[in-house]
Amino acid sequence: MALAGSDSMDEGKGETFLLKAIKIGGVVALYWFISITMVFLNNYLLDSKDLDAPLFVTFYQCLVTVGLCYGMHLLSHLCPGVIDFPSVKFDLKVCRDVLPLSIVFIGMITFNNLCLKHVGVAFYTVGRSLSTVFNVLLSYVILKQTTSFYAILCCGIILGGFWLGVDQEGVAGSLSWTGVFFGVLASACVSLNAIFTKRVMPAVDGNIWKLSFYNNINACILFLPLILVFGEVGHLVHFSRLGDPTFWGMMTLGGVFGFAIGYVTGLQIKFTSPLTHNVSGTAKACAQTVIAVVYNQSSKSFLWWTSNLMVLGGSSAYTWVKGMEMKKVHIPQDESKEKLLGEKSDAGV
């Protein structure tokens, strides 16, 4: 079982072109399926009129991720030749070291879900489109890293698409400024998450699965007082479907897909490349938007679609520009993978 963070694969050697193409196509299709399904599933859970408790929904998904990490750890000991998963024994010191990232992580997934709750799937791509812009800005402010003119030009295209999208949502009468606000905050947290991730990686021996385990443990603990402060306990007490197995099944499925996105992301990178992964993520976002519009039987204006194309085109161009810049300076493969992944995090996410 291939997991993110493992060594590069050698299976491609000796394979026919057709077999390799089928494998790559299957991996990309799996990534698209998991990612798009996760977004629609979260939208379904968060858009419930009966339960207004987005923090609890997010807390439960983090809890499922912790359980799955520990379950995979046990299975790796029972089936060492089949499943490869790192040891995830609880360590209080590691939890403290990861805590700064966990605070940013909580903001990222909470604001992301709140954005999805208020704007829906169709506008979600535009509402959450400023991650790249914040990545450039915060990298300069925090890491003192400068950005090329062409990369800044790509960010300008993304910003233009964002503002045009907001304008067109307003014209259509479906604009939620609350959703836009949460989308901007989520974008900022995605960028901060990439920066803080690099800082705390040594605490978990550079293993992304250990980081996920400790990150979600901290998140579960920190979410509890937030759920109390924001009065979601009252909503849960009066929720009519609290004993409904279907509801809990959907909630658990959301957590499973949240865990699975980390696996399929790593799988897609290994079978393709970080650059191809980012391009695939952009294309997936486009397909996700089209599916949402068709599913909701919405009618969108030419300028509305133009805003989406500007956001997706600017993001793709930025990824291409950064890839070309890395080739010019001959960054080693492992380091370039880390940098490209940091440039554009998929929040699903």
Side-chain angles (χ1 to χ4, degrees), residues 29-72 105-106 108-125 127-128 176 178-179 182-183 186 212-213 215-217 219-224 226-228 230-265 284-285 287-298 346-349:
L30 180 64
Y31 168 78
W32 278 42
F33 172 75
I34 295 291
S35 183
I36 292 175
T37 303
M38 183 181 69
V39 171
F40 277 91
L41 185 58
N42 280 340
N43 180 247
Y44 167 79
L45 292 170
L46 294 162
D47 199 36
S48 173
K49 305 300 180 185
D50 300 324
L51 179 62
D52 184 20
L55 292 177
F56 173 74
V57 172
T58 311
F59 158 78
Y60 185 79
Q61 291 179 348
C62 291
L63 194 64
V64 170
T65 298
V66 172
L68 287 172
C69 284
Y70 192 72
M72 293 296 291
F105 174 73
I106 284 177
M108 181 181 72
I109 58 177
T110 300
F111 294 139
N112 186 74
N113 282 349
L114 287 171
C115 172
L116 188 58
K117 176 182 175 67
H118 287 91
V119 304
V121 179
F123 187 66
Y124 177 67
T125 299
R128 269 271 287 98
S176 167
T178 302
F182 284 132
S212 178
F213 177 71
N215 222 0
N216 281 277
I217 284 180
C220 288
I221 296 170
L222 294 172
F223 265 126
L224 291 175
L226 291 175
I227 290 171
L228 291 171
F230 285 93
E232 291 193 359
V233 174
H235 293 291
L236 290 169
V237 170
H238 296 97
F239 182 50
S240 59
R241 297 179 59 196
L242 204 58
D244 185 359
T246 303
F247 167 75
W248 288 108
M250 294 295 284
M251 288 278 284
T252 303
L253 191 61
V256 171
F257 271 84
F259 175 83
I261 192 65
Y263 168 68
V264 295
T265 295
K284 184 273 304 180
Q288 180 178 283
T289 301
V290 173
I291 292 170
V293 171
V294 172
Y295 177 78
N296 294 319
Q297 298 181 338
S298 305
D346 193 315
V349 1

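Basis for what follows: all heavy atoms, side chains included, without hydrogens, waters or symmetry-related copies.
Residue pairs satisfying the salt bridge (charged side-chain N to carboxylate O under 4.0 Å, His left out) criterion with at least one member in residues 241-259, sequence neighbours excluded, are listed as follows: Arg241-Asp244. For residues 56-71, no pair satisfies salt bridge (charged side-chain N to carboxylate O under 4.0 Å, His left out), with sequence neighbours left out. The list of side chain to side chain donor-acceptor pair (under 3.5 Å) pairs with a residue in residues 61-72, not counting sequence neighbours, reads Asn42-Gln61. Listed by first and then second residue, the salt bridge (charged side-chain N to carboxylate O under 4.0 Å, His left out) pairs that reach into residues 108-123 are Asp52-Lys117, sequence neighbours excluded.
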Mind running side chain to side chain contact (heavy atoms under 4.5 Å, CB included) on Phe56 and Phe230 for me, showing each step along the way? CA-CA 10 Å; Phe56 173 74; Phe230 285 93; over 6 Å; no
Using the side chain to side chain contact (heavy atoms under 4.5 Å, CB included) rule, take Phe257 and Leu253 through it: C-alpha gap first, then chi angles, then the decisive distance, then the call. CA-CA 6 Å; Phe257 271 84; Leu253 191 61; 3.5 Å; yes
Let me see the working for Phe40 and Ile291 under side chain to side chain contact (heavy atoms under 4.5 Å, CB included), right down to the final yes or no. CA-CA 10 Å; Phe40 277 91; Ile291 292 170; 3.7 Å; yes
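For the residue pair Pro54 and Leu114, the shortest heavy atom distance occurs at CG-CD2, 3.6 Å. Closest heavy-atom contact between Val256 and Val64: N-CG1, 3.8 Å. Minimum heavy-atom separation, Gly179 to His118: CA-CB, 3.6 Å. Lys284 approaches Ser35 most closely through the heavy-atom pair NZ-OG, 3.0 Å. Considering every non-hydrogen atom in both Cys115 and Tyr124, the closest pair reads SG-CD1, 4.2 Å. The nearest pair of heavy atoms linking Leu242 to Leu236 is CD2-O, 3.4 Å.
With Trp32 contributing its side chain and Gln288 its backbone, the two residues share no donor-acceptor pair below 3.5 Å. In terms of modelled atom types and a separation under 3.5 Å, the side chain of Asn216 and the main chain of Ser212 share a donor-acceptor contact. In this structure a side-chain-to-backbone donor-acceptor pair under 3.5 Å is missing from Asn112 to Met108.
A distance of 12.5 Å separates CZ in Arg128 from CZ in Phe111, rounded to the nearest 0.5 Å. Remark: Asn113 CG to Leu46 CG distance equals 4.5 Å, nearest 0.5 Å. Atom CG of Leu41 is separated from atom CE of Met250 by 4.5 Å, given to the nearest 0.5 angstrom.
Applying the side-chain hydrogen bond (donor to acceptor under 3.5 Å, both in side chains) test to Thr252 and every residue at least two apart in sequence or in another chain returns Tyr60. Residues satisfying the ring pair (Phe, Tyr, Trp, His ring centres under 6.0 Å) test with Phe259, not counting sequence neighbours, are Trp209. Annotation: side-chain contact (heavy atoms from CB on, under 4.5 Å) contacts of Tyr295 (sequence neighbours excluded): none. Under the side-chain contact (heavy atoms from CB on, under 4.5 Å) criterion, Ile221 pairs with Ile217, not counting sequence neighbours. By the side-chain hydrogen bond (donor to acceptor under 3.5 Å, both in side chains) test, Ser176 is found to be paired with no residue, residues two or more places apart in sequence or in another chain being considered. For Ile106, the side-chain contact (heavy atoms from CB on, under 4.5 Å) partners at least two apart in sequence or on another chain are Thr110, Ala219, Leu222, Phe223, Leu226. Applying the ring pair (Phe, Tyr, Trp, His ring centres under 6.0 Å) criterion to Phe247, with sequence neighbours excluded, gives Phe239. Annotation: side-chain contact (heavy atoms from CB on, under 4.5 Å) contacts of Leu30 (sequence neighbours excluded): Ile34, Val264, Leu267.
A heavy-atom distance below 4.5 Å is not found between the side chains of Thr289 and Phe123.
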